[in-house]
Novice: 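Take this structure first; my questions come after.
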Protein chains: 2
Amino acid sequence: MIRKTTIKDVAKEAGVSIGTVSYVINNSAPVSADTQKKIVSAIKKLGYHPSSIAQGMAKRRTNLIGLAVPQNHIGAFSDYMMLDLLRGIADVVTSRKFHLILDFQENEKNNCSYMEMYNSKTIDGMILMSPRRFDRNFEKLIDAQFPFVILNSSIQQPSCCCVDVDNVHCGYLATKHLFELGHRRIGFIAPDDLQYYFSFDRMEGYRRAYLEAGIAIDEDLVQVPPKGKMGAGAFAVNKLLGLAEPPTAIIAGSHCILESALTELKRREIGIGKDLGLIGIDNSPLCTWVKPQIDAVAIPVYEIGKEAAEMVIDQIEKGPSSPRRIILPGVLIKRESAVSV
Amino acid sequence: MIRKTTIKDVAKEAGVSIGTVSYVINNSAPVSADTQKKIVSAIKKLGYHPSSIAQGMAKRRTNLIGLAVPQNHIGAFSDYMMLDLLRGIADVVTSRKFHLILDFQENEKNNCSYMEMYNSKTIDGMILMSPRRFDRNFEKLIDAQFPFVILNSSIQQPSCCCVDVDNVHCGYLATKHLFELGHRRIGFIAPDDLQYYFSFDRMEGYRRAYLEAGIAIDEDLVQVPPKGKMGAGAFAVNKLLGLAEPPTAIIAGSHCILESALTELKRREIGIGKDLGLIGIDNSPLCTWVKPQIDAVAIPVYEIGKEAAEMVIDQIEKGPSSPRRIILPGVLIKRESAVSV
DNA sequence: CTGAAAGCGCTTACAG
DNA sequence: CTGAAAGCGCTTACAG
């Protein structure tokens with residue numbers, strides 16, 4: 001590795017002190033046009049770039065943001081959304097002159113690797129994706145007034161900054177859409193055994209739509225299949241279709257549910273979009289790869305990433321603020337699977 | 001933000017010099033059992049963690065690896081593979097006590113943001129995903145003997161470390177598989193207008209299988225549809241099926257090609273897996289979401305990530321080595337779409 | 001085995 | 001407007 005040029009080299013080349021060089025780099029003090037010019041051309045000539053870590057040392061600011069990604073985020077963000085989220089975060093992080101450090105949580109143990117980034121003072125702030133419910137590590141961050149925001153975990157933690165999608169509204173949107181198409185008996189398949197808030201919230205939205213419509217819910221219509229990625233949707237579909245009075249439409253409460261429900265529906269050769277309406281919460285490539293294409297409520301993942309990043313960086317730059325919460329609405333995408341009846 | 005405890009605090013608490021504290025932390029000099037104990041307990045008592053950036057400053061090592069992700073990597077890695085790649089990289093980066101900085105290339109301009117990470121001395125090494133063909137920025141990295149590896153770009157750059165999948169072999173595998181099922185007239189749809197090496201290589205593998213089988217290739221069977229994400233596969237499918245003597249099986253040269261070929265095949269109600277064999281190069285969720293499930297040659301994305309990470313870190317820790325290349329084989333996954341004939 | 005001191009490459013009061 | 005100097009939190013020869 002070749003030795004890199006430092007601020008000293010620039011100072012010598014321009015015949016000034018390193019302090020003055022620093023002033024023009026940071027524009028942090030008035031400098032005469034003349035010396036300014038000398039310094040600028042010295043910088044150019046030597047191809048000088050300040051060392052971010054030396055700057056970090058002196059300014060007590062690394063300009064690094066950590067993103068903690070849970071090992072299996074069965075939650076609202078499936079793999080298919082992860083990249084969009086990253087792009088959302090990266091876009092603002094970059095434009096605000098920060099860098100993003102990715103940290104995948106390794107194991108199921110309580111020891112959270114994201115705390116290591118914090119402890120070692122590597123990062124100025126952190127975005128915490130779907131921390132586990134029993135995870136209380138981040139309380140240390142609160143105590144330390146360390147800038148961070150929690151993503152996608154409608155945690156009842158009023159002292160944290162959060163950004164999330166409005167899951168209740170997502171459930172409501174899907175249900176309302178089906179109502180408007182004339183459906184009255186709508187099946188709802190809840191994801192993840194109701195183990196997460198988002199799951200519960202989506203179901204809640206379903207209930208609100210019914211309430212608003214003034215129709216009593218037949219509880220047989222809401223299915224909470226036992227946990228387990230595989231087959232939960234299929235299981236629930238069979239329950240629903242086995243009812244004395246089966247639903248005319250079904251809401252799949254998550255991408256995973258949709259996947260397995262769809263498989264079963266196709267296996268049974270049910271006429272989706274003809275004999276049965278279908279809509280998913282979570283939009284994924286699956287929805288358009290399949291015939292008929294599936295209506296869905298899309299999670300604004302990119303925007304969630306953006307907002308989260310803005311939020312941490314605001315905290316870093318403007319100092320701690322009172323905890324903010326941003327709740328973004330889901331977006332209904334009409335396609336071919338939610339027949340009118 | 002609360003003031004963090006430093007090495008000075010520990011030294012004072014233990015009644016020793018900061019040098020000695022440093023020795024026990026880094027195990028870089030013999031220390032008597034007694035002082036060792038005092039220091040360890042002081043560290044524990046104060047909850048001290050060294051500042052990674054101060055260490056970086058002193059050791060001239062940040063323990064940060066940059067990953068440059070192109071804006072649209074139409075290349076061999078689709079979005080569906082990206083997460084696996086990240087996991088592969090992250091797993092070894094983490095276990096080797098480094099951190100990963102993500103850098104999405106912003107624009108089509110020649111100015112490559114990844115050079116910024118290098119210039120600012122933020123990172124110790126870099127993984128460069130599918131650099132554009134005209135990108136010559138990384139030559140500066142070579143000159144500076146900066147540790148980096150190029151991913152997924154069979155660039156004819158003998159002076160770089162690279163890791164990639166063996167695309168020729170992928171094409172070969174797919175074709176061979178079809179041969180073994182009795183097919184003799186196999187259509188090949190080349191991705192991305194042959195603009196990338198990987199695309200060309202996959203086609204090359206197809207040709208080799210034919211050569212090996214001693215069968216002359218009917219050039220009508222190899223389609224190079226005009227570029228453009230949408231419809232290229234559909235376009236080629238129609239060409240192929242319109243032939244006087246149409247193929248009995250088709251190879252989709254990439255995930256994108258498969259997606260649009262599949263759509264067209266379904267629209268025309270062709271009996272995939274019955275009347276026509278189909279196999280994709282690139283394995284993606286699409287292959288299992290669809291009925292019949294699609295045979296595919298999988299790219300070992302996770303492993304590619306791992307190897308790449310090991311390679312940069314080796315360079316960082318052991319100093320520059322002669323350029324290494326790792327070419328991993330694709331993996332044939334048999335499913336339901338490649339009928340025997 | 002341990003301490004004092006220089007140095008890593010910057011920034012920033014403080015003088016002048 | 002500019003320079004000299006202290007300081008950011010560590011590591012590492014160098015003495016002893």
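What you see below is based on every heavy atom in this structure, not just the backbone, and it leaves out hydrogens, waters and symmetry mates. Letters go in sequence order (proteins before strands), and every chain restarts at 1.
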Novice: Mind checking whether B:Phe138 and B:Phe148 have parallel, tilted or perpendicular rings, split at 30° and 60°?
Specialist: tilted

Novice: Report the C-alpha separation of B:Arg324 and B:Gln315 in whole Å, then their side-chain angles, then the decisive distance to 0.1 Å, and conclude whether the side-chain contact (heavy atoms from CB on, under 4.5 Å) test is met.
Specialist: CA-CA 10 Å; B:Arg324 289 199 296 146; B:Gln315 286 180 66; over 6 Å; no

Novice: Strictly below 4.0 Å, N to O, side chains only: are A:Asp314 and A:Arg96 in salt-bridge contact?
Specialist: yes

Novice: Passes side-chain contact (heavy atoms from CB on, under 4.5 Å), B:Phe104 versus A:Leu86? Steps please.
Specialist: CA-CA 9 Å; B:Phe104 286 88; A:Leu86 285 179; 3.9 Å; yes

Novice: To the nearest 0.5 angstrom, please state how far the CD1 atom of B:Ile39 sits from the CG atom of B:Asp34.
Specialist: 10.0 Å

Novice: How is A:Ser22 classified with respect to the nucleic acid when contacts are heavy atoms under 4.0 Å: base, sugar-phosphate, or nothing?
Specialist: base

Novice: Checking side chain to side chain contact (heavy atoms under 4.5 Å, CB included) between A:Ile123 and each of A:Ile101, A:Leu100, A:Asn63, which is the one that passes?
Specialist: A:Ile101

Novice: Partner lookup for C:dA13, please. Criteria are Watson-Crick or G-U wobble with both distances under 3.5 angstrom; report none if nothing qualifies.
Specialist: none

Novice: What's B:Ile25 touching, base or sugar-phosphate or nothing? Going by heavy atoms closer than 4.0 Å.
Specialist: nothing

Novice: Counting only heavy atoms and a strict 4.0 angstrom limit, can you tell me which residues of residues 29-43 of chain A come near DNA chain D?
Specialist: A:Pro30, A:Val31, A:Ser32, A:Thr35

Novice: Check step by step if side-chain contact (heavy atoms from CB on, under 4.5 Å) holds for B:Met81 and B:Leu85.
Specialist: CA-CA 6 Å; B:Met81 309 187 197; B:Leu85 180 76; 5.9 Å; no

Novice: Which parts of residues 44-52 of chain B get close to DNA chain C, meaning a heavy atom less than 4.0 angstrom away?
Specialist: none

Novice: Is the Lys NZ or Arg CZ of A:Lys140 less than 6.0 Å from the centre of A:Phe146's six-membered ring, within 45° of the axis?
Specialist: no

Novice: For D:dA4, which nucleotide is its Watson-Crick or G-U wobble mate, given both distances must be under 3.5 Å?
Specialist: none

Novice: Toward the 5' end of DNA chain C, which comes first, B:Lys59 or A:Ile18, by nearest nucleotide?
Specialist: B:Lys59

Novice: Taking C-beta and beyond as the side chain, do B:Tyr302 and B:Asp91 meet within less than 4.5 Å on heavy atoms?
Specialist: yes

Novice: Does A:Lys8 count as lying over the ring of A:Tyr48, i.e. NZ or CZ under 6.0 Å from the six-ring centre, within 45 degrees of the axis?
Specialist: no

Novice: Hey, where on DNA chain D does chain A first and last touch, going 5' to 3'? Cut-off is any atom under 4.0 Å from a heavy atom.
Specialist: D:dC1 to D:dG9

Novice: What's the separation between atom CG in A:Leu67 and atom CG in A:Leu128, rounded to the nearest 0.5 Å?
Specialist: 8.5 Å

